[in-house]
Amino acid sequence: MSYIKIKKDKLVNLEYTLSKELLRSNRAGSYASTTISGCNTGKYHGLLISSLKDGNKHVLLSSVDETVMQMGKEFRLGIHQYKDDVYFPHGHRYLIGFDSEPIPAKTYRVGGVILKKEMLLAEEEDGILIKYIVEDAHSPTVLKLQPLLAFRNIHALSKENLDVNNKSIEVQNGIKVKMYDSYPYLYMQTSKNGNFITAPDWNKNVLYEKEKNRGYDFLEDLFTYGFFELKVKKGDEIIFYAGLNPIKPGGLKRKFISEIAKRTPRCNFESNLCNSAQQFLTKRKKDTSITTGFHWYDSSLRESLIALTGLTLYNDTDRFDEVFDSLLKKFEETKPEEITPDIPLLIIRAIQEK
């Protein structure tokens with residue numbers, strides 16, 4: 001049973017869906033966040049936001065715009081906001097269902113096609129998996145996937161420029177790209193072998209309503225290298241992967257199943273709390289830390305000590321030890337003048353509560 005379920009009449013109402021956000025994170029320090037409609041309303045939204053070597057979070061994959069082609073007609077499922085309160089495409093109009101258990105899933109009905117879209121982050125890798133399930137298709141159908149990229153710090157915005165590397169490199173069932181030399185490659189692959197149509201271009205002046213209301217710069221130009229084109233039929237399951245490491249396409253379906261098995265069920269209020277607690281824990285090599293908050297905070301010594309026992313001792317004493325050891329190391333490396341008086345007391349309290 002899904003703890004969160006939204007009816008169709010609300011799904012097609014942008015005023016409602018734009019105020020409801022999805023947020024998922026993983027142990028690698030990545031997170032994905034957008035609205036239920038799929039329209040990003042802030043610069044901190046994106047489908048793959050990762051912590052890179054500079055220690056900062058960066059928006060790599062902003063969104064994936066889907067198009068269903070059937071009998072000579074195109075049905076575009078994406079949605080972006082532009083100036084003058086213009087939304088395009090109008091993918092939200094095709095939504096007929098939203099579910100949250102075991103992972104966020106949306107269902108679209110377009111023409112003679114019913115398409116279900118599920119999304120999850122790999123638990124310990126910088127990568128996102130999006131599954132498309134063709135629940136019904138009465139005639140030959142083509143699914144087009146167009147990734148839109150930002151490659152920028154979460155606090156900045158991407159603008160059209162001449163420095164972008166517009167060349168993609170072919171890999172198995174996909175491509176790898178690097179918009180700028182200072183970034184790692186982003187691999188984008190599909191479980192089914194199709195065609196990648198190269199068509200580099202800028203999607204200009206995407207508007208973020210939240211930034212506009214805050215008084216910040218609110219217009220962004222997103223870059224696309226082209227789109228995947230896949231022939232599909234009823235019963236097909238296609239998985240799109242975007243991540244910092246290549247993956248074997250033949251193992252994507254098994255990986256998706258194994259990742260779902262790791263998820264904490266969210267069938268009641270208590271299980272949702274446990275699930276949320278896990279989203280704040282990050283492990284990089286031997287360092288286990290607590291993210292202070294989403295969307296923009298990193299790890300803070302004081303706030304981590306305050307949250308430590310509540311996030312771990314309810315069912316994971318081993319994780320408490322890992323985080324506590326990392327915090328002690330950070331405490332020893334911090335300059336004395338930067339240590340607030342309550343931090344030693346918080347360390348003692350954490351020991352007592354364990």
Side-chain angles (χ1 to χ4, degrees), residues 2 21-36 38 40 45-51 57-66 77-78 98-108 115-135 143-150 171-177 184-194 196 225 227-230 232 235-266 275 278-279 282-283:
S2 176
E21 293 184 82
L22 298 172
L23 172 64
R24 302 305 297 165
S25 67
N26 65 9
R27 303 296 81 77
S30 296
Y31 76 83
S33 182
T34 184
T35 63
I36 290 176
N40 293 339
H45 280 165
L47 295 186
L48 183 61
I49 300 173
S50 299
S51 294
K57 290 185 173 68
H58 294 259
V59 181
L60 301 176
L61 177 65
S62 178
S63 63
V64 177
D65 285 6
E66 302 90 1
L77 307 185
F98 173 85
D99 213 339
S100 63
E101 180 59 29
I103 57 176
K106 296 189 291 186
T107 304
Y108 298 87
L115 183 70
K116 188 175 183 180
K117 175 183 177 181
E118 300 178 340
M119 180 182 75
L120 60 78
L121 285 172
E123 185 181 38
E124 297 179 351
E125 306 167 30
D126 292 295
I128 186 168
L129 299 163
I130 304 175
K131 179 194 278 189
Y132 298 95
I133 306 169
V134 184
E135 296 188 340
L143 177 63
K144 289 171 58 177
L145 306 175
Q146 183 181 43
L148 295 174
L149 310 177
V171 297
Q172 188 178 6
N173 286 17
I175 60 171
K176 67 175 183 179
V177 298
Y185 277 106
L186 177 68
Y187 293 80
M188 294 183 286
Q189 300 167 268
T190 56
S191 58
K192 181 177 182 178
N193 190 18
F196 182 80
Y225 284 86
F227 55 89
F228 294 87
E229 193 171 78
L230 304 156
V232 297
D236 279 353
E237 295 184 358
I238 309 297
I239 298 177
F240 169 84
Y241 164 81
L244 298 185
N245 296 298
I247 198 165
K248 293 182 178 179
L252 277 171
K253 290 185 179 181
R254 291 192 300 273
K255 184 172 181 59
F256 197 91
I257 293 171
S258 67
E259 290 290 345
I260 288 182
K262 301 175 185 177
R263 299 302 185 265
T264 300
R266 290 174 291 162
N275 184 278
Q278 294 173 9
Q279 291 198 67
T282 299
K283 186 170 185 177

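Small disclaimer: the values here were computed from a predicted structure and weren't measured.
- K283 NZ: 12 or fewer foreign heavy atoms inside a 6.0 Å radius.
- Two residues are said to be in side-chain contact when any heavy atoms from C-beta on lie closer than 4.5 Å; L145 and Y132 meet this criterion.
- Under the 4.5 Å side-chain criterion, counting only non-hydrogen atoms from C-beta, I238 is not in contact with K131.
- Between I128 and M119 there is a side-chain heavy-atom pair separated by less than 4.5 Å.
- In this structure the side chain of D65 never reaches within 4.5 angstrom of the side chain of L77, judged on heavy atoms.
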Quiz item: After noting the C-alpha distance and the side-chain angles of V64 and Q146, does the key distance pass the side-chain contact (heavy atoms from CB on, under 4.5 Å) rule?
Solution: CA-CA 5 Å; V64 177; Q146 183 181 43; over 6 Å; no
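- Side-chain N or O atoms of N40 include one that pairs as donor or acceptor with a backbone N or O of S62 at under 3.5 Å.
- To the nearest 0.5 Å, atom CG of residue L47 and atom CG of residue L61 are 5.0 Å apart.
- Shortest non-hydrogen contact noted between L121 and S30 is CD1-O, 3.9 Å.
- Shortest non-hydrogen contact noted between S25 and Q279 is OG-O, 2.6 Å.
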Quiz item: Between L252 and L129, does a side-chain contact (heavy atoms from CB on, under 4.5 Å) hold up when you go through it step by step?
Solution: CA-CA 8 Å; L252 277 171; L129 299 163; 3.6 Å; yes
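- Counted within 6.0 Å of NZ on K262, heavy atoms from surrounding residues, nucleotides or ligands total more than 12; the atom is thus considered enclosed.
- Considering only heavy atoms from C-beta on, H58 stays 4.5 Å or farther from I49 through its side chain.
- Under the 4.5 Å side-chain criterion, counting only non-hydrogen atoms from C-beta, L148 is not in contact with Y225.
- Between E229 and K144 there is no salt bridge, since no side-chain N of the basic residue sits under 4.0 Å from a carboxylate O of the acidic one.
- A heavy-atom distance below 4.5 Å is not found between the side chains of Y187 and L244.
- Side chain of E125 to main chain of A28: no donor-acceptor pair is present (N/O by atom type, distance under 3.5 Å, no hydrogens or angles).
- Formation of a donor-acceptor pair under 3.5 Å by the N26 side chain with backbone atoms of G29 is found in this model.
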Self-check item: Criterion side-chain contact (heavy atoms from CB on, under 4.5 Å) on I133 and E118, from CA distance to verdict
Solution: CA-CA 8 Å; I133 306 169; E118 300 178 340; 4.0 Å; yes
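- Panel note: side chain S191, backbone I239; a donor-acceptor pair is recorded below 3.5 Å.
- Note on E66 versus K117: salt bridge recorded, some NZ/NE/NH1/NH2 to OD/OE distance being below 4.0 Å.
- Applying the side chain to side chain contact (heavy atoms under 4.5 Å, CB included) test between M188 and each of L48, V171, N173, L149 identifies L149 as the sole match.
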Exercise. List the steps, then state whether side-chain contact (heavy atoms from CB on, under 4.5 Å) holds for L23 with Y31.
Key: CA-CA 7 Å; L23 172 64; Y31 76 83; 3.8 Å; yes
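- Contact record, P147 with F228: CG-CE1, 4.1 Å, taken as the closest heavy-atom pair.
- A side-chain donor-acceptor contact under 3.5 Å links R27 to the backbone of Q278.
- Scanning for ring pair (Phe, Tyr, Trp, His ring centres under 6.0 Å) contacts around F227 gives an empty result, with sequence neighbours left out.
- Annotation: cation-pi geometry satisfied between K176 and Y185 (NZ/CZ under 6.0 angstrom from ring centroid, within 45° of ring axis).
- A donor-acceptor pair under 3.5 Å is absent between the side-chain atoms of T190 and the main chain of F240, judged by distance alone.
- Residues N245 and I247 form no side-chain contact, since every pair of their non-hydrogen atoms from C-beta on lies 4.5 Å or further apart.
- Nearest heavy atoms, E259 versus E123: OE1-N, 3.0 Å.
- Distance check: S33 OG to R24 CZ gives 11.0 Å after rounding to the nearest 0.5 Å.
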